[in-house]
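Structure first, then comments.
These numbers come from a predicted model, not from an experiment.
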Amino acid sequence: QVNLVESGGGLVQAGGSLRLSCAASGRTFSSYAMGWFRQAPGKEREFVAAISWRGGNTAYADSMKGRFTISRDNAKTTMYLQMNSLRPADTAVYYCAASSTYYRPTSERQYDAWGQGTQVTVSS
């Protein structure tokens, strides 16, 4: 099992940027595909982005394309989410997740380990 800890959340004005980190420990990080999800108050958790084991293949939700960038550093066992041009609608708790089975999973059900989440608040 891999253990995940998110960091980097906070309060930012609309149009600003944040970089989230997800530090992994436990089993070999490079054997996991990784992803980011988010959950806004009163809404279901939704897919944000995913990255394959070695980082060569990525996927994004349509509303994040061009604004968010997912990346990973297997040597540092850390995944990142660079978020630019943030909007109030991006306000949510952001979760990182790991999948030992799928190549570049985009569904919650394809992940088998989750972090505790980090709050991102975008003010207008």
Side-chain angles (χ1 to χ4, degrees):
Q1 182 75 348
V2 64
N3 299 309
L4 306 173
V5 178
E6 302 95 335
S7 63
L11 174 64
V12 64
Q13 289 188 334
S17 299
L18 280 176
R19 188 176 82 154
L20 305 183
S21 298
C22 174
S25 61
R27 291 188 60 185
T28 305
F29 178 70
S30 60
S31 66
Y32 288 85
M34 299 293 294
W36 288 98
F37 288 77
R38 70 184 186 184
Q39 187 167 23
K43 295 187 177 181
E44 294 186 351
R45 190 154 56 183
E46 64 173 345
F47 169 73
V48 173
I51 189 166
S52 58
W53 308 321
R54 296 181 180 179
N57 201 317
T58 58
Y60 296 91
D62 287 344
S63 63
M64 288 71 163
K65 287 180 181 177
R67 300 191 300 126
F68 291 8
T69 302
I70 189 172
S71 61
R72 65 190 295 164
D73 185 335
N74 287 347
K76 295 183 179 179
T77 66
T78 302
M79 175 181 65
Y80 305 97
L81 184 68
Q82 178 67 43
M83 305 186 294
N84 299 327
S85 303
L86 284 163
R87 307 164 181 168
D90 295 317
T91 295
V93 177
Y94 283 72
Y95 298 90
C96 69
S99 174
S100 59
T101 307
Y102 295 89
Y103 178 64
R104 191 200 62 191
T106 58
S107 170
E108 234 182 297
R109 294 172 293 179
Q110 295 173 312
Y111 287 87
D112 42 41
W114 293 84
Q116 83 289 348
T118 186
Q119 176 70 48
V120 171
T121 303
V122 184
S123 63
S124 57

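Side-chain atoms of Thr28 do not come within 3.5 Å of backbone N or O of Ser31 as any donor-acceptor pair. Checked by atom type and distance alone, the side chain of Ser52 pairs as donor or acceptor with a backbone atom of Asn57 at under 3.5 Å. Using modelled atom types, no side-chain atom of Thr77 and backbone atom of Asn74 make a donor-acceptor pair closer than 3.5 Å. Panel note: side chain Glu6, backbone Leu20; no donor-acceptor pair is recorded below 3.5 Å.
Tyr111 and Phe68 end up in different hydrophobic clusters when Ile, Leu, Val, Met, Phe, Trp and Tyr side chains are linked at under 4.5 Å. Under the 4.5 Å side-chain heavy-atom criterion for ILVMFWY residues, no single connected hydrophobic cluster contains both Trp53 and Val2. Two different hydrophobic clusters hold Ile70 and Phe37 under the rule that ILVMFWY side chains link at heavy-atom gaps under 4.5 Å. Tyr80 and Val120 fall into different hydrophobic clusters, where Ile, Leu, Val, Met, Phe, Trp and Tyr residues are linked whenever their side-chain heavy atoms come under 4.5 Å apart, directly or through other members. Using a 4.5 Å cut-off between side-chain heavy atoms of Ile, Leu, Val, Met, Phe, Trp and Tyr, with links allowed through other members, Tyr60 and Met34 fall into the same hydrophobic cluster.
The nearest pair of heavy atoms linking Ser124 to Ala14 is CA-CB, 4.4 Å. The shortest heavy-atom contact between Ala40 and Ala92 is N-CB, 3.8 Å. The two atoms that bring Ala49 and Leu81 nearest to each other are CB-CD1, 4.4 Å, heavy atoms only. Nearest heavy-atom pair, Val93 versus Gly117, reported as atom, atom and distance to 0.1 Å: CG1-CA, 3.8 Å. Between Leu86 and Leu18, the shortest heavy-atom distance links the atoms CD1-N, 3.9 Å.
Residue pairs satisfying the side chain to side chain donor-acceptor pair (under 3.5 Å) criterion with at least one member in residues 83-92, sequence neighbours excluded, are listed as follows: Ser17-Asn84, Arg38-Asp90, Arg67-Asp90, Gln82-Asn84.
Counting heavy atoms from C-beta outward, Tyr95 and Gln116 have side chains that stay 4.5 Å or more apart. Using a 4.5 Å heavy-atom threshold, the side chains of Met64 and Phe47 count as separate. Looking only at side-chain heavy atoms (C-beta outward), Tyr32 and Leu4 stay at 4.5 Å or farther from each other. Looking only at side-chain heavy atoms (C-beta outward), Arg19 and Met83 stay at 4.5 Å or farther from each other.
Counted by atom type alone, Asp112 and Ser100 present one or more donor-acceptor pairs between their side chains at under 3.5 Å.
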List the steps and the verdict of side chain to side chain contact (heavy atoms under 4.5 Å, CB included) for Met79 and Trp36.
CA-CA 9 Å; Met79 175 181 65; Trp36 288 98; 3.2 Å; yes
Under the side chain to side chain contact (heavy atoms under 4.5 Å, CB included) criterion, do Arg109 and Tyr102 qualify, and how do the steps go?
CA-CA 11 Å; Arg109 294 172 293 179; Tyr102 295 89; over 6 Å; no
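How far CD of Gln1 is from CG of Asn3: 6.5 Å, rounded to the nearest 0.5 Å.
Cation-pi geometry between Arg72 and Phe29 is met: the NZ or CZ atom falls under 6.0 Å from the ring centre, inside 45° of the normal.
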